[in-house]
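Taking it in order: structure first as structure tokens, then the write-up.
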Amino acid sequence: MATRVRPSNKRCAVIGGSGFLGRHLVEKLLDRGYSVSVFDIRQSYELPGVAFHLGDLCDKQALLPAMKDVSLVFHCASPAPASDDRGLFERVNIQGTRIVIQACIEAGVQKLVLTSSASVVFEGTDIKNGREDLPYAKKPIDYYTETKIEQEKLVLEACDKEKGLLTVAIRPHGIFGPRDPQLVPILVDAARRGKMKFIIGDGTNLVDFTFVENVVHGHILAAERLRPDSPICGKPYHITNDEPVKFWDFMSDVLVGLGYAAPRYHLPYALVYGLALLLWLLALILRPLVSFKPTFTPMRVALAGTHHYYNCERAKQDLGYKPVVGLKDGIARTVQSYPHLRQGA
Ligand SMILES: NC(=O)C1=CN([C@@H]2O[C@H](COP(=O)(O)OP(=O)(O)OC[C@H]3O[C@@H](n4cnc5c(N)ncnc54)[C@H](OP(=O)(O)O)[C@@H]3O)[C@@H](O)[C@H]2O)C=CC1
Ligand SMILES: CC(C)CCC[C@@H](C)[C@H]1CC[C@H]2C3=C(CC[C@]12C)[C@@]1(C)CCC(=O)C[C@@H]1CC3
């Protein structure tokens, strides 16, 4: 009879490990003595001690080899939020997550840590110091958020001590840091096209931006504290820098750090949101004829003009979480890591 090897608790798999957050997580896990399998649709780097498994997470047969003898799985894969492809989000974030859960059960994985998002409660209106018990958004601002909600519910409901699978969800917000493919590159692209002269609204709205190493720290704490007797089973946790900042101050610090001018002129929020909605509709209607992607989408305008910051007391209490890199330091390290995006480069 074949004997089943008991998975070592230092063997883990990172689904989405080629992405921005995934790669930072892999690097920290290696530092901490874990051996890591990466499962992703693409391979973006090579590292000693990391075994890559390429495939689509909707394919259970492709996933299973990455989970062999693994006790802990991190699921941080998702299509990019900027995509407008509802079918893709539903397939990957909802059906794919069901498959990830089935594969974990089949492979005998004991712990599943999901990267969710604090945006699962965001409907485009102010959230100040929001706690985890806020209800899920009834009118999510886009397909990305809609499917992140379903994904989180699936993972948290799958937590079953009897079946031997424990789950927890990390809800980061506005992740930034070296190698981020969206926040800084989109901002710089807008600045280079002369679109970052304006502040949407009065510029006083507070937002969480979270340095990637803090997000990684939250994931690893959650994984290591996830045991049958711990209070964290089946729960979501906000992980932020715990330093809400004015959205436009953060944007200005990054832009000025890279040699661009800070936005100065104010535009009314309702006007810009209305225009963004019109443009979005126009792009949708004209899609069969011409393809254009507006920089100021309704989702980005809502994020740029409202308060959305979250309380991370629950993570402090249950996980012993405390940010390891402050906001100022995080911005400096981020700016330094993008020499090719500097003004004039
Ligand atoms: N960035 C942020 O500000 C925030 C992110 N999050 C969450 O954090 C997680 C990581 O985000 P981030 O690192 O920024 O994103 P990235 O796009 O950098 O990383 C996601 C990775 O998953 C891969 N992937 C996508 N679809 C599949 C699939 N079907 N099968 C296998 N791999 C796939 C992507 O490949 P490819 O690039 O080819 O699509 C990419 O390598 C996501 O779950 C996201 O929802 C939550 C809050 C904030
Ligand atoms: C053109 C400008 C008005 C805005 C440029 C910056 C934006 C690209 C980013 C500002 C806030 C960011 C953010 C996300 C993506 C990038 C921003 C819109 C997320 C939507 C990423 C995925 C999430 O789960 C939530 C994030 C909220 C903040």
Side-chain angles (χ1 to χ4, degrees), residues 14-26 38-45 53-59 62-63 66 74-83 85 88-89 91-93 95-97 99-100 113-122 140-142 144-145 147-149 151-152 155 169-177 179-191 193 195-196 198-201 207-212 215-216 219 238-240 247-248 250-251 254-255 263 267 272 276 294-306 308-310:
V14 180
I15 305 175
S18 282
F20 163 50
L21 171 65
R23 181 171 171 187
H24 281 278
L25 180 58
V26 168
V38 164
F39 184 89
D40 203 295
I41 209 153
R42 64 188 169 103
Q43 179 169 358
S44 59
Y45 59 95
H53 299 259
L54 297 188
D56 186 330
L57 63 83
C58 301
D59 176 357
L63 266 176
F74 294 94
H75 175 10
C76 56
S78 166
S83 160
D85 188 340
L88 178 70
F89 282 123
R91 192 179 71 78
V92 177
N93 285 351
Q95 294 161 32
T97 298
I99 289 163
V100 168
V113 180
L114 171 73
T115 314
S116 179
S117 168
S119 290
V120 293
V121 298
F122 184 63
I141 53 170
D142 54 12
Y144 166 79
T145 313
T147 57
K148 289 298 281 184
I149 294 173
Q151 178 191 51
E152 185 184 281
V155 169
I170 298 301
R171 291 180 177 175
H173 195 61
I175 311 175
F176 73 101
R179 302 193 297 253
D180 149 47
Q182 50 176 356
L183 199 157
V184 176
I186 292 172
L187 186 62
V188 166
D189 179 61
R193 291 195 284 131
K195 293 184 174 177
M196 288 309 295
F198 303 100
I199 294 172
I200 302 170
V207 170
D208 278 318
F209 286 100
T210 313
F211 190 62
V212 63
V215 180
V216 164
H219 279 70
H238 290 153
I239 291 293
T240 71
F247 181 94
W248 294 97
F250 180 88
M251 294 298 146
V254 174
L255 286 172
L267 286 175
V272 185
T295 308
F296 290 87
T297 60
M299 182 267 262
R300 285 184 193 156
V301 173
L303 288 166
T306 57
H308 40 104
Y309 60 96
Y310 299 86

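Counting starts at 1 for both ligands and their atoms, in listed order.
The aromatic rings of H308 and F247 are tilted relative to each other, their planes meeting at an angle between 30° and 60°.
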Once you restrict both partners to nitrogen or oxygen, which atoms of ligand 2 have a protein partner under 3.5 Å, and how far apart are they?
| unit_1 | atom_1 | unit_2 | atom_2 | d |
| --- | --- | --- | --- | --- |
| ligand 2 | 24 (O) | S117 | OG | 2.7 |
| ligand 2 | 24 (O) | Y144 | OH | 2.7 |

Protein N/O near ligand 1 N/O, under 3.5 Å, which pairs?
| unit_1 | atom_1 | unit_2 | atom_2 | d |
| --- | --- | --- | --- | --- |
| ligand 1 | 1 (N) | Q182 | NE2 | 3.2 |
| ligand 1 | 3 (O) | I175 | N | 2.9 |
| ligand 1 | 13 (O) | F20 | N | 3.4 |
| ligand 1 | 13 (O) | L21 | N | 2.8 |
| ligand 1 | 18 (O) | F20 | N | 2.9 |
| ligand 1 | 29 (N) | D56 | OD1 | 3.0 |
| ligand 1 | 30 (N) | L57 | N | 3.0 |
| ligand 1 | 32 (N) | I41 | N | 3.3 |
| ligand 1 | 35 (O) | R42 | NE | 3.4 |
| ligand 1 | 37 (O) | R42 | NE | 3.0 |
| ligand 1 | 37 (O) | R42 | NH2 | 3.2 |
| ligand 1 | 38 (O) | R42 | NE | 3.3 |
| ligand 1 | 41 (O) | G19 | N | 3.4 |
| ligand 1 | 41 (O) | D40 | OD1 | 3.1 |
| ligand 1 | 41 (O) | D40 | OD2 | 2.9 |
| ligand 1 | 41 (O) | R42 | NE | 3.3 |
| ligand 1 | 41 (O) | R42 | NH2 | 3.2 |
| ligand 1 | 43 (O) | K148 | NZ | 2.8 |
| ligand 1 | 45 (O) | Y144 | OH | 2.5 |
| ligand 1 | 45 (O) | K148 | NZ | 2.8 |

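Geometrically, R23 engages Y45 in a cation-pi contact, judged by NZ or CZ lying under 6.0 Å from the ring centre and within 45° of the ring axis.
Residues V120 and I149 form a side-chain contact, since some pair of their non-hydrogen atoms from C-beta on lies under 4.5 Å apart. Counting only heavy atoms from C-beta outward, the side chains of V212 and R179 never approach each other to under 4.5 Å. Annotation: side chain of M251 is in contact with side chain of F209 (closest heavy-atom distance under 4.5 Å).
Taking every heavy atom of both residues into account, W248 and P263 meet most closely at CE3-CG, 3.9 Å.
Here the side chain of N93 pairs no donor or acceptor atom with the backbone of Q151 at under 3.5 angstrom. The backbone N or O of T115 lies less than 3.5 Å from a partner atom in the side chain of K148, making a donor-acceptor pair. Here the side chain of T210 pairs a donor or acceptor atom with the backbone of H173 at under 3.5 angstrom.
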